[in-house]
Amino acid sequence: MKKIVLLRHGESAWNKENRFTGWTDVDLTEKGIEEAYKAGELLRKEGYVFDKAYTSYLKRAVKTLNCVLDRMDQDWIPVEKSWRLNEKHYGALQGLNKSETAEKYGDEQVLIWRRSYDVAPHALKEDDPRNPRFEIRYKDVPDAELPRTESLKDTVERILPYWKDVIFPSLETADQILVTAHGNSLRGIIKYVRNIPDEEIVHLNLPTAVPYVLEFDDDLNLVKDYFLGDPEEIKKLMEAVANQGKKTKK
Ligand SMILES: O=C(O)[C@@H](CO)OP(=O)(O)O
């Protein structure tokens with residue numbers, strides 16, 4: 001059985017402050033580092049031996065991967081980073097507190113911005129210092145491909161070439177692959193792989209640092225997918241993520 005493990009990064013500074021993050025390069029908190037080590041411990045106990053890992057250009061994902069591999073004593077495996085695995089770009093919402101945004105625009109609107117498939121938040125202006133075109137790390141990405149905001153649909157469209165051409169074909173020679181990325185970039189991958197309808201993807205909330213396993217048969221058909229860990233605890237964590245966009249959450 002071939003496996004791809006998807007892992008959202010551990011808690012970041014802006015997860016803790018409940019701010020829209022997107023492409024902002026915030027670090028892990030102490031708790032986030034602990035969560036990442038815990039995920040590594042779980043994967044080690046379950047006997048995972050990864051052939052290769054993929055991650056984004058954002059340090060919360062990169063550092064989570066490093067903690068996981070450290071705990072598994074698999075620091076040596078090849079790692080490839082791609083901007084295409086970055087979080088959904090949250091446009092002008094980046095930096096704003098999610099509950100305060102819900103106070104201002106309502107829970108419904110925030111849910112649409114956070115979880116709908118094809119609605120994007122307002123775009124960053126061309127001269128906004130947060131515009132990715134000013135960042136050296138994206139210097140090799142054609143400007144037309146650099147987002148100023150994204151819907152999940154846009155995110156899926158920029159991830160898919162990388163998934164189809166690089167990550168998925170690597171299963172032909174590898175048995176176990178780890179992808180460490182972000183809540184929405186991974187929702188996009190799961191939506192594609194499981195063929196989840198647009199209106200149902202609203203309900204999927206990925207908790208931080210809980211491994212999600214995709215199992216494939218020898219013909220690379222998906223046969224099983226599941227979270228690793230205690231289902232009751234994971235359910236609570238998923239609900240907590242959903243509630244981050246509500247007025248009552250401070
Ligand atoms: O702010 C973000 O970039 C994401 C992930 O933390 O948040 P949300 O869960 O609101 O999509």
Side-chain angles (χ1 to χ4, degrees), residues 6-29 31-33 35-36 39 55-64 83-124 130 132 147-156 158-159 179-191 196 198 200-210 212 234-250:
L6 306 177
L7 184 70
R8 184 181 173 199
H9 59 81
E11 183 194 68
S12 75
W14 281 15
N15 289 145
K16 191 174 175 185
E17 293 173 22
N18 202 27
R19 292 159 80 176
F20 288 101
T21 315
W23 282 36
T24 318
D25 199 11
V26 296
D27 215 334
L28 294 175
T29 60
K31 181 182 165 194
I33 293 169
E35 288 176 337
T55 191
S56 74
Y57 273 13
L58 298 169
K59 69 177 73 160
R60 56 194 189 276
V62 175
K63 291 189 179 183
T64 296
W83 68 276
R84 289 189 185 274
L85 289 173
N86 277 11
E87 180 55 302
K88 175 176 93 161
H89 197 293
Y90 256 116
L93 292 179
Q94 289 186 177
L96 299 182
N97 179 282
K98 293 176 191 177
S99 305
E100 287 169 14
T101 307
E103 295 280 352
K104 196 165 166 192
Y105 297 97
D107 286 358
E108 266 309 298
Q109 181 58 55
V110 169
L111 182 67
I112 290 169
W113 281 328
R114 291 182 77 210
R115 294 292 175 263
S116 68
Y117 186 53
D118 54 9
V119 178
H122 298 300
L124 292 177
R130 297 170 293 175
R148 276 64 165 164
T149 187
E150 283 182 325
S151 62
L152 184 61
K153 184 166 184 265
D154 300 323
T155 309
V156 170
R158 64 125 150 118
I159 292 174
V179 179
T180 306
H182 306 265
N184 294 298
S185 57
L186 294 174
R187 281 173 73 233
I189 290 174
I190 293 169
K191 182 182 188 305
I196 299 176
D198 298 358
E200 278 175 34
I201 197 64
V202 178
H203 307 295
L204 180 64
N205 285 283
L206 295 185
T208 48
V210 178
Y212 186 87
I234 292 169
K235 193 166 164 249
K236 280 188 204 140
L237 292 171
M238 291 170 95
E239 280 164 13
V241 176
N243 288 334
Q244 285 165 353
K246 296 187 181 158
K247 289 176 197 162
T248 44
K249 172 87 177 53
K250 283 286 172 197

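Counting convention: from 1, in listed order, for ligands and their atoms alike.
Panel note: side chain Ser12, backbone Val26; no donor-acceptor pair is recorded below 3.5 Å.
With sequence neighbours excluded, the residues forming a side chain to side chain contact (heavy atoms under 4.5 Å, CB included) with Glu239 are Lys235, listed by chain and number.
Less than 4.0 angstrom separates some heavy atom of Arg115 from each of these atoms of ligand 1: 8 (P), 9 (O), 11 (O). Each of the atoms 5 (C), 6 (O) of ligand 1 lies under 4.0 Å from some heavy atom of Arg8. Close approach of ligand 1 to Glu87 is summarised as follows: ligand atoms under 4.0 Å from at least one heavy atom of the residue are 3 (O), 4 (C), 5 (C). Each of the atoms 1 (O) of ligand 1 lies under 4.0 Å from some heavy atom of Phe20. Each of the atoms 8 (P), 9 (O), 10 (O) of ligand 1 lies under 4.0 Å from some heavy atom of Arg114. Counting atoms of ligand 1 from 1 in the listed order, those under 4.0 Å from a heavy atom of Arg19 are 1 (O).
Here's the thing with Tyr90: one of its N/O atoms is less than 3.5 angstrom from an N/O atom of ligand 1. On a distance-only criterion, Lys98 and ligand 1 share at least one N/O pair closer than 3.5 Å. Residue Gly22 has at least one N or O atom closer than 3.5 Å to an N or O atom of ligand 1. Between Asn184 and ligand 1, an N or O atom pair is found at a separation short of 3.5 Å. For the pair Asn15 and ligand 1, the shortest N or O to N or O distance falls below 3.5 Å.
From Asp25, atom CG reaches atom NZ of Lys59 across 4.5 Å, with rounding to the nearest 0.5 Å. Atom CZ of residue Arg187 and atom CG of residue Leu152 lie 5.0 Å apart, to the nearest 0.5 angstrom.
With Thr208 as reference, Glu35 is the one residue of Glu35, Arg60, Arg8 to meet the side-chain hydrogen bond (donor to acceptor under 3.5 Å, both in side chains) rule.
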Decide salt bridge (charged side-chain N to carboxylate O under 4.0 Å, His left out) for Lys88 and Asp154; before the verdict, give the C-alpha distance in whole Å, the side-chain angles of both, and the deciding distance to 0.1 Å. CA-CA 8 Å; Lys88 175 176 93 161; Asp154 300 323; over 6 Å; no
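Under the 4.5 Å side-chain criterion, counting only non-hydrogen atoms from C-beta, Met238 is in contact with Leu204.
Ser116 and Val202 get closest at one heavy-atom pair: CA-CG2, 4.3 Å.
Aromatic ring centres of Trp113 and Tyr105: separated by under 6.0 Å.
In this structure, His182 has no heavy atom closer than 4.0 Å to ligand 1.
Protein heavy atom nearest atom 1 (O) of ligand 1, with residue, atom name and distance: Thr21 N, 2.8 Å.
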